[in-house]
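A short worksheet on the structure shown next.
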There are 2 protein chains.
Amino acid sequence: MTTDDGISSRRTTIYDLARIVGTSPTAVSSVLNGSWKKRRISQKLADRVLSAAEENGYALNIQASVLRREKSNIVGMIIPKYDNRFFGAIAERFEEAARAEGLFPVITCTQRDPDLEVEAVRGLLSYQVDCLVACGATNPDHIAELCAANGVATINLDLPGGRAPSIISDSYSGALDLTNVILDACEQELGSRAPLIFIGGRLDDHNTKERRRGFLDAHAARGIEVPEDNVLMPGYAPEKARAVLEGMATRARGIFVNSTITLEGVVQWMQSLPPAEAAGMRYGSFDYDPFGALLPQNVGMVEQDVPSLIAALVARMGDLPNAQIDVTKVPCILRLPHITPAA
Amino acid sequence: MTTDDGISSRRTTIYDLARIVGTSPTAVSSVLNGSWKKRRISQKLADRVLSAAEENGYALNIQASVLRREKSNIVGMIIPKYDNRFFGAIAERFEEAARAEGLFPVITCTQRDPDLEVEAVRGLLSYQVDCLVACGATNPDHIAELCAANGVATINLDLPGGRAPSIISDSYSGALDLTNVILDACEQELGSRAPLIFIGGRLDDHNTKERRRGFLDAHAARGIEVPEDNVLMPGYAPEKARAVLEGMATRARGIFVNSTITLEGVVQWMQSLPPAEAAGMRYGSFDYDPFGALLPQNVGMVEQDVPSLIAALVARMGDLPNAQIDVTKVPCILRLPHITPAA
DNA sequence: TTCCAATGCTCAACCGATAGAGCATAATTG
DNA sequence: CAATTATGCTCTATCGGTTGAGCATTGGAA
């Protein structure tokens, strides 16, 4: 809608269209939102309204619409980062799946900052979200309480909580498999049965705890004892990983890397070693990265199955809010290196 | 707000708080939105309202708030992907910057699909966004028109348009620098003055066009002629890049890779070569990837300066909608490989 | 012819927050 | 002590769309 002098005026509303077509706002509204048959509006009037809407570039005012309705059809998600293959994929797939369900997704990135998380949740509640997905949240239960206070159901993704259904990767099984792959490679290619090194993450992180458990159980099943200081959890930062590895007196032949972020530090460290020494090492990582997969010492990567996680999430969103509080574990995908033709 | 039987009822509103505190909805509203001093509400009442809000987990209803106000303070962004270092970083920084300005960011991912882009723009217009950022849009001008029809200002990011101010990386200069780095490395380390291969992207893509121009100009400045079939633009997909390289009869010593996605294909191809042959190659890539940076043939990567792009964007958002339609070019960052101690 | 149902539309209230106007009461000034 | 100003709050209309109720008009059945 543009005034004569070319300066754009207010947006077109159903009242404008009603005046143009010569009918009531109610009729216009019902035509535009699809309830016109139920309301016994004639096809003729509907056509006139639709073409007037088209001509005037009408766009619904969601604020007004949602304000009046009881359901908003808006689903919220908080996510720690976008700048990361895993979470980036989660965000993309979630948007896609939500749209396919006729819902409107709104995602907010929280930088793993607990205060920002709470602020973001409040923000999403302001949008009258019908349901909120707490992905990788530092304190899922606090978020669940906040939402419950507003009558909004939540689902936890990636990290579990005790006050809402959770959908997470099966870190334990993934770690067990990955550890076995690395142990096999060390034994077959290097002739070593030494315990592996586990590096990355924090013990207060549920997923790290589970992966550590899988790591230790795989060793135990082979009767290999893991010295306590083979498990290094200095956080995820590459520099920390590198520093820890450089400070180690005994060097293992095989390394279990707990994330691709940590892997950067591991690879930097390996590249600083004499090539002969580096050649005698193997690693696997919990998280997939296409370049990390191409490095010669890589023997396998565990990739979280994002499409399945989202599928499970959407299935769960269907029967909220009277859902059970339980944990759904989605298997990971083990990606072995491409066999490249030897020179 | 919870009823006696534990089933959550409607969300808490200012009317609930007004009843609880024993005051008017107006007073509650003004306390919560910060206009209470202007409205001469006492500190005492303000405190009581705030603690009641806290206790009852009050969350503003943005729909109602925005409906009434003239400005929404919501800023929208459409972005092709999250699952990508560059766009992921853009999304993260944009959210951060918007929040710092007291604005509420809403980002939607469009998968580079023109129809989804339009749908997403309509969705954001429904939210009454004050301004919309079209990042990497396939058709920025169409989006600008759609928004203009609703009186919403737009800014283009990453890819320029003709109907709104644009903020983009200086692809030409970045490509010029990168080409020089690769040419230098080939000359100094391999003794080769052969023209490089340019791989990745599409010629209808503005950035690819600019990078190709920088690539060619750097050669021209050294008097090196580039055969036409040294410039390969089969899109970005790794498989395509690999296939094109495998099909090449003449092999160059140096490669200009037009994105990290393409780089995957290039690296796969290099790893399929006999090691001696691979050792005689050098590449640089337009886009940064930490693992790509660690590969031995890498001589440099150009990283787009996301913080500066966002800073320019925010600065521009300040004086909308009466802004000039022009193009701001932000310099890229050239990242040379870490010098690792030789064995 | 009379009654009833179907058809096609309009009216008015409402969702929750906000802004302008207004109205007491208290404090200050002449 | 009256007049003015400051203080502290409330009332009411409003944003745009939705919903239940309601009201003519027409067509067909009894």
Side-chain angles (χ1 to χ4, degrees), chain A residues 1 9-49 53 56-74 122 125-130 150-151, chain B residues 1 9-49 53 56 58-74 104 125-128 130 150-151:
Chain A
M1 228 197 151
S9 61
R10 294 213 59 70
R11 304 154 116 103
T12 310
T13 70
I14 55 167
Y15 297 90
D16 300 321
L17 296 181
R19 207 170 2 83
I20 291 165
V21 174
T23 183
S24 70
T26 303
V28 173
S29 171
S30 64
V31 168
L32 295 174
N33 70 26
S35 68
W36 57 284
K37 291 202 169 160
K38 206 180 67 191
R39 287 187 147 270
R40 298 184 311 223
I41 302 295
S42 65
Q43 181 76 53
K44 209 174 107 190
L45 178 56
D47 290 344
R48 281 194 296 141
V49 167
N56 293 272
Y58 173 81
L60 173 72
N61 184 329
I62 286 250
Q63 324 289 7
S65 176
V66 166
L67 179 58
R68 187 56 175 77
R69 285 179 302 164
E70 71 307 348
K71 281 193 66 182
S72 68
N73 291 334
I74 300 173
R122 267 192 229 282
L125 287 174
S126 296
Y127 278 94
Q128 311 300 105
V129 291
D130 285 338
N150 285 271
Chain B
M1 230 197 149
S9 62
R10 294 211 60 69
R11 304 156 115 103
T12 310
T13 71
I14 55 167
Y15 297 89
D16 299 319
L17 296 182
R19 207 170 2 83
I20 291 165
V21 174
T23 183
S24 69
T26 304
V28 172
S29 170
S30 63
V31 168
L32 294 174
N33 70 25
S35 69
W36 56 286
K37 290 200 168 161
K38 205 180 69 191
R39 284 185 149 273
R40 298 184 311 222
I41 302 293
S42 64
Q43 181 76 52
K44 210 173 105 191
L45 178 56
D47 290 344
R48 281 195 295 143
V49 168
N56 293 274
Y58 172 81
L60 173 73
N61 184 327
I62 286 249
Q63 325 290 5
S65 176
V66 166
L67 180 58
R68 187 57 176 77
R69 285 179 301 163
E70 73 304 350
K71 281 193 67 184
S72 68
N73 290 334
I74 300 174
F104 208 107
L125 287 174
S126 295
Y127 278 92
Q128 313 299 107
D130 285 338
N150 285 272

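Letters A, B, ... are given to chains in the order of the sequence lines, protein chains preceding strands, and every chain is numbered from 1.
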N-O pairing of A/K44 and A/D47 below 4.0 Å: no
Could you state the [atom1]-[atom2] distance from [X] to [N], rounded to the nearest angstrom?
{"X": "A/R69", "N": "D/dG16", "atom1": "CZ", "atom2": "C1'", "result": "12 Å"}
{"X": "A/Y15", "N": "D/dC15", "atom1": "OH", "atom2": "P", "result": "9 Å"}
{"X": "B/N150", "N": "D/dG16", "atom1": "CG", "atom2": "C1'", "result": "14 Å"}
{"X": "A/L67", "N": "D/dT19", "atom1": "CG", "atom2": "C1'", "result": "13 Å"}
{"X": "A/Y58", "N": "D/dG16", "atom1": "OH", "atom2": "C1'", "result": "7 Å"}

Contact list for residues 27-37 of chain A, test side chain to side chain donor-acceptor pair (under 3.5 Å), sequence neighbours left out: A/N33-A/S35
Shortest non-hydrogen separation from [X] to [Y] and the atoms involved:
{"X": "B/N150", "Y": "A/A59", "value": "OD1-CB, 3.6 Å"}
{"X": "B/A27", "Y": "B/I41", "value": "CB-CD1, 4.1 Å"}
{"X": "B/T13", "Y": "B/D16", "value": "N-OD2, 2.8 Å"}

Using side-chain heavy atoms (C-beta onward) and a distance below 4.5 Å, is [X] in contact with [Y]?
{"X": "A/R11", "Y": "B/L125", "value": "yes"}
{"X": "A/Y127", "Y": "B/F104", "value": "yes"}
{"X": "B/L32", "Y": "B/L60", "value": "no"}

Side chain of B/R68 (C-beta onward), nearest among D/dA13, D/dT18, D/dG16: D/dA13
Net bend of the helix from C/dT1-D/dA30 to C/dG30-D/dC1, end axes of five pairs each, nearest 10 degrees: 50°
A/T26 or A/Q128, whichever maps to the more 5' nucleotide of DNA chain C: A/T26
CA sep, side-chain torsions, deciding dist, call: B/V28, B/Y15, side chain to side chain contact (heavy atoms under 4.5 Å, CB included): CA-CA 8 Å; B/V28 172; B/Y15 297 89; over 6 Å; no
Strand contacts (DNA chain D) in residues 27-46 of chain A, 4.0 angstrom heavy-atom criterion: A/S29, A/N33, A/R39
By side chain to side chain contact (heavy atoms under 4.5 Å, CB included) - contacts of B/S72 (at least two apart): B/V66, B/I74, B/Q128, B/D130
Residues which pass side chain to side chain contact (heavy atoms under 4.5 Å, CB included) with B/A64, listed by chain and number, not counting sequence neighbours: A/L67, B/N61
A/T13 side chain near D/dG16 phosphate (N/O to OP1/OP2, under 4.0 Å): no
Residue mapping more 5' on DNA chain D - nearest nucleotide basis, B/A64 or B/T23: B/T23
First-last contacting nucleotides on DNA chain C - partner chain A, under 4.0 angstrom, heavy atom: C/dT7 to C/dG16
